[in-house]
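Order of the sequence lines fixes the chain letters, A, B, ..., with proteins taken first and strands second; residue numbering starts at 1 for each chain. Just the heavy atoms: all of them, side chains too, but no hydrogens, waters or symmetry mates, feed the values below.
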2 protein chains.
Amino acid sequence: MEVVHIGRLVASVTDDNNKIKTMQDILFDFISKYVSLTEDEKNALLSLDLFHSVKKGTILLNEGQKTQDNFFVLKGCIRVYYIIDGEEKTTAFYTEMVGLTPHCVRKKVPSDYFISCVEDCILLISNTDMSSKVNSKFPKFDAMCRMLSEELLVKQQIDFDEFKTSSPEKRYLNLLQKRPDLIQRVPQHQLASYLGIKPQSLSRLRARILEKSKD
Amino acid sequence: MEVVHIGRLVASVTDDNNKIKTMQDILFDFISKYVSLTEDEKNALLSLDLFHSVKKGTILLNEGQKTQDNFFVLKGCIRVYYIIDGEEKTTAFYTEMVGLTPHCVRKKVPSDYFISCVEDCILLISNTDMSSKVNSKFPKFDAMCRMLSEELLVKQQIDFDEFKTSSPEKRYLNLLQKRPDLIQRVPQHQLASYLGIKPQSLSRLRARILEKSKD
DNA sequence: ATAAGTCGTTCACTTAAGTTAAGAAATGAT
DNA sequence: ATCATTTCTTAACTTAAGTGAACGACTTAT
């Protein structure tokens, strides 16, 4: 994995109001939705040097590999996929302000999937040892992590239920509603497998929908 | 919801070694896998009167209803289903030693699904207020709950990935491996919708598999 | 700049799931 | 015990997804 460490203030983007924001601003804005941090706590976070810039296509985790790293997307998009019978099966896309803890972190077994960058990304990468130290020092972080994982659990259950109860076409229309950005920024064949179908079927399905909308 | 409260020691089953076990034995055996309880702690748990006997077909939670109840299955099987376009869509079965916290408990919104008993059940029903009191009094419980929800999160992610990356036939074969009891104890039309297909398709699929295995 | 590879779409054909209907088997209610 | 209802299976037909191949558009590497 080739990951470039970046200074806290280097990377920046313009937000909805054309205000220039550094990645650390973005991070603290996000955190403030859950807990309020003192300057000391903010500095403690920054001193960990968690910010990383990662090039499109970089593989963050290989099948068979073990890791203790957690990934939090500040900018860009990362993707989880399996290779089953020689075929890529994408099961998740993580975009801005979403975090990913690989199974193998909790289960302490080699990963059975890959994680790679769909786009150039700016990520927070923290390993579990590190975060448990921080968490015990700053109970606030621990509280936040627990909130996040509760949120995640519910969200995942709902996503799973939606997937199970929908046809591929409904899943696509649902995605169009809920994550329209994905359809633009992600290659179609990855989207197709995320919807549980082949690229050809996705093409056809889209043509079908377009045809219907004409009437 | 008609739920019969039962004494701690009344209900019993015979285990694999033909030993008679009360529901409280079963509960404490389960808990001991995570934390070890003192007699005081065990008595505190029992004093809460959590054990309930529930008849097959009982609806534990209705769509549109709010609840603070958690359900833990000591014996029997409960099922989560949606009604979408007038059709039942089953998304989960919970069997022995598995717990269920409805979405609406965490999200504080009316439920968008039903929960009902597939069989006569013996359940632990605890409400969130109660358990948070117990948890703050006995940190051990809190620790156990956190372990359980971590376990659940990983398990769910894996289940979701398996579902996404499999065809209905593979899903059925997978279920046959992992939860063979379900295929016996659950009505076929509920199983079908759990697999994401219609009952007719499940019948056909089973016939197809049988046909293949003859060769 | 060119060649090789990747990606998205289209087409013809195959396979599997959805739909509608009918009948047998099991279950529940009176 | 009988009747009504629900459940499961089978069948014929429809619709949608899988497969294999071809083509143009776009990248990537050299």
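Under a 3.5 Å cut-off, the side chain of B:R179 and the backbone N or O of B:F93 do form a donor-acceptor pair. Put simply, the side chain of B:H189 never gets that close to the backbone of B:P187: no donor and acceptor are under 3.5 Å apart. When atom types are taken as modelled, the side chain of A:R171 and the backbone of A:L195 share a donor-acceptor pair closer than 3.5 angstrom. Side chain of B:T58 to main chain of B:K55: a donor-acceptor pair is present (N/O by atom type, distance under 3.5 Å, no hydrogens or angles). Remark: side-chain polar atoms of B:T128 are paired, donor with acceptor, to backbone N or O of B:Q68 under 3.5 angstrom.
Atom pair B:K198:NZ and D:dA11:C1' shows a separation of 19 Å (rounding to whole Å applied).
The residue among B:K56 and B:I197 whose nearest nucleotide of DNA chain C lies closer to the 5′ end is B:I197.
With respect to A:K198 and A:E87, a salt bridge is recorded, a charged nitrogen being found less than 4.0 Å from a carboxylate O.
Contact check for A:F114 versus A:N62: side-chain heavy atoms found under the 4.5 Å cut-off. Between B:L45 and B:I31, some side-chain heavy-atom pair lies under the 4.5 Å cut-off. Counting heavy atoms from C-beta outward, B:H103 and B:D112 have side chains that approach closer than 4.5 Å. Side-chain contact between B:C77 and B:Y94 is absent, with no heavy-atom pair separated by less than 4.5 Å.
Relative to the axis of its first five pairs, the axis of the last five pairs of the helix from C:dA1-D:dT30 to C:dT30-D:dA1 sits at 60°, rounded to 10 degrees.
Chain B approaches DNA chain C within less than 4.0 angstrom (heavy atoms of the protein), and the contacting nucleotides run 5' to 3' from C:dA16 to C:dG28.
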Polar pairs (N or O, both sides) under 3.5 Å between protein and nucleotides 6-10 of chain D?
from, atom 1, to, atom 2, distance (Å)
D:dC8, OP1, B:Q188, N, 2.7
D:dC8, OP2, B:Q188, N, 3.4
D:dC8, OP2, B:H189, N, 3.0
D:dC8, OP2, B:H189, ND1, 2.8
D:dT9, OP2, B:S203, OG, 2.8
D:dT9, O5', B:S203, OG, 3.3

